[in-house]
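Order of listing sets the numbers, starting from 1, for every ligand and every atom in it. Computed over heavy atoms, backbone and side chain alike; hydrogens, waters and symmetry mates excluded. The first residue of the sequence shown is numbered 1, and numbering continues consecutively from there. Treat the numbers as computed from the prediction; the structure is a model and nothing was measured.
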Amino acid sequence: MSYENILYELSDDIGIITFNRPKALNALNGSLLNELSSVLDTIAADETIRVLILTGSGEKSFVAGADIKEIAECTPLSGRRLSKNGQDIFFKLEALSIPVIAAVNGFALGGGCEVALACDFIYASEKARFGLPEITLGLIPGYGGTQRLARIVGKNMAKELIFTGKMVSAAEALAIGLVNKVCEPDQLMNMVMETAKAIASKGRFSLEAAKRVVNSGVNVDLADGCKIETDAFALCMANIDAKEGTSAFIEKRPTKFEGKLV
Ligand code: DAK
C-alpha cells in the first residue's frame with residue numbers, strides 16, 4: 001500500500017515510520033491515523049522487523065497534535081468515533097510485540113505527545129517540546145494521555161501539565177522522566193538507530209517477553225506482576241534464544257540470535 005500522510009521505510013531489520021504532513025506540523029487527521037493503523041498491521045505481520053522507530057518529517061515537529069480543524073467539525077457522535085478509533089490505534093501501537101522508540105524531533109503536543117507516550121520509550125532532540133494543551137481548546141486529552149502520562153511521570157506532574165496545558169522543553173522532559181535521552185537535533189536519528197540496532201541484536205522471543213511483562217506488570221500489584229514475570233521466564237527457557245545466550249556465555253563467544261519465535 002502507498003501512503004500519503006506517512007512514510008514507511010526499512011533499514012535492514014528496523015522499521016521507520018515518519019509522520020509526513022509538514023505543512024500542518026504533522027497533525028494527526030483521520031487519513032493519517034488510518035494509514036498508521038494499516039502500516040502497524042503490516043509491521044505486526046512481518047517477523048523480520050525487530051524494532052520500530054517513529055519520527056516526524058521536517059525540522060519543526062514530531063506531531064503537533066490531533067488535527068484541530070478536523071476536531072472542530074466533530075459532533076458528539078463523530079467525536080466518540082474519532083476517540084475510539086484513535087485509542088484503538090494507539091493500543092495497537094503499544095501492543096506491538098517489537099520494541100518501539102519515539103524519535104521526537106520537535107513539537108510533540110496533544111495527540112503527538114500521546115503517540116510518543118504509547119511507544120516503549122522516547123529519545124528527543126534539544127528542539128523537542130512536549131505538552132498536552134487540550135485544556136486550552138476546552139478539551140481533555142482523548143488518546144490515552146491522561147492515563148499514560150500519569151503512569152510515566154507520576155500523577156501530580158501529569159495533572160500540572162494537563163491542567164496548565166503548558167509545553168515543556170526536552171531538558172525538562174528529561175528531568176521528569178518523560179524522555180530517556182536528549183541530543184543535538186542532527187544527532188537524533190544516529191542516537192536512536194544506535195539503540196535500535198543494539199536492541200535488534202537481542203533475542204526476539206526474550207524481547208517480546210520483556211516488553212509484555214513490563215507493560216502488564218505496571219497495571220497490577222507487585223506480587224501479581226512477579227507471577228507474570230515467572231510465567232514469562234519459564235517460557236523463555238523453552239526458547240532457542242535462552243539456549244543460544246547461555247551457551248555463548250559458557251563458550252566465551254558472541255551471541256548469534258536467530259530471531260525466531262520458537
Ligand atoms: N492541527 C491542525 N493544524 C495544525 C496543528 C494542529 N494540531 N498544529 C499546527 N497546525 C498548522 C497551523 O494551522 C498552520 O497551518 P496554516 O495556518 O499555515 O495553514 C501550520 O500548521 C503551522 O503552524 P503555526 O503557523 O501555528 O506554527 P507556529 O510555529 O507559529 O506554532 C505551534 C507552532 C505548534 C505552537 C502551533 O501550531 C500550535 O499551537 N499548534 C496547535 C498545538 C495543539 O494545540 N495541539 C493539540 C491539538 S488537540 C479526542 C481525541 C484526541 C484529542 C482530543 C480529543 N477525542 C476525539 C475526544 C487530541 C487533541 C489534540 O491533540
Side-chain angles (χ1 to χ4, degrees), residues 3-7 17-37 40 54-95 102-119 122 124-153 157-173 178-179 182 185 188:
Y3 303 107
E4 289 177 9
N5 301 285
I6 59 172
L7 304 171
I17 296 174
T18 305
F19 299 108
N20 190 34
R21 295 183 69 214
K23 285 186 184 152
L25 302 185
N26 306 323
L28 305 172
N29 63 7
S31 308
L32 186 153
L33 285 171
N34 288 337
E35 290 179 11
L36 177 62
S37 179
L40 291 176
L54 264 54
T55 193
S57 76
E59 298 199 339
K60 210 169 159 182
S61 186
F62 174 70
V63 171
D67 191 308
I68 297 171
K69 291 163 192 167
E70 214 172 62
I71 289 183
E73 302 294 318
C74 275
T75 63
L77 205 64
S78 65
R80 170 174 278 278
R81 251 197 323 267
L82 191 76
S83 174
K84 173 82 173 64
N85 186 38
Q87 286 190 2
D88 287 350
I89 296 167
F90 286 25
F91 275 124
K92 193 190 289 193
L93 171 65
E94 192 172 53
V104 174
N105 51 310
F107 292 115
L109 303 176
C113 186
E114 292 172 297
V115 172
L117 292 170
C119 296
I122 304 170
S125 119
E126 286 165 351
K127 281 192 183 166
R129 296 285 176 275
F130 296 83
L132 291 176
E134 286 86 348
I135 206 85
T136 313
L137 299 166
L139 299 167
I140 65 167
Y143 290 147
T146 57
Q147 305 307 302
R148 291 194 180 94
L149 185 65
R151 282 165 168 77
I152 294 168
V153 303
M157 184 60 75
K159 283 180 186 164
E160 184 180 337
L161 293 178
I162 293 165
F163 295 172
T164 62
K166 74 175 181 185
M167 285 187 223
V168 295
S169 67
E172 288 170 292
L178 176 54
V179 311
V182 176
L188 179 63

* Side chains of Glu35 and Asn5: donor-acceptor distance under 3.5 Å anywhere? ->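 On atom types as modelled, these side chains qualify, holding a pair under 3.5 Å.
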* Counterpart residues, side-chain hydrogen bond (donor to acceptor under 3.5 Å, both in side chains), relative to Asp88 (two or more places apart) ->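 Listed in chain order: Lys84.
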* Lys/Arg-Asp/Glu bridge criterion (N-O < 4.0 Å) met for Arg148, Glu94 ->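 Answer for the salt bridge query: yes.
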* Using the side-chain contact (heavy atoms from CB on, under 4.5 Å) rule, pick out the option among Ile135, Leu137, Thr136 that qualifies with Leu139. =>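 For Leu139, the side-chain contact (heavy atoms from CB on, under 4.5 Å) check succeeds only for Leu137.
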* **ligand 1: protein residues within heavy-atom distance under 4.0 Å** =>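 Near ligand 1, by chain and number: Lys23, Ala24, Leu25, Ala27, Lys60, Ala64, Gly65, Ala66, Asp67, Ile68, Lys69, Ile71, Gly79, Leu82, Ser83, Phe107, Leu109, Gly110, Gly111, Pro133, Glu134, Leu137, Ile140, Gly142, Tyr143, Met167.
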* **Partners passing side-chain contact (heavy atoms from CB on, under 4.5 Å) against Arg151 (at least two apart in sequence or in another chain)** =>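 Scan of Arg151 (side-chain contact (heavy atoms from CB on, under 4.5 Å), adjacent residues dropped) gives Gln147, Asn219.
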* Pairs touching residues 17-36 that satisfy ring pair (Phe, Tyr, Trp, His ring centres under 6.0 Å), sequence neighbours left out ->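 Residue pairs passing ring pair (Phe, Tyr, Trp, His ring centres under 6.0 Å), neighbours aside: Phe19-Phe62.
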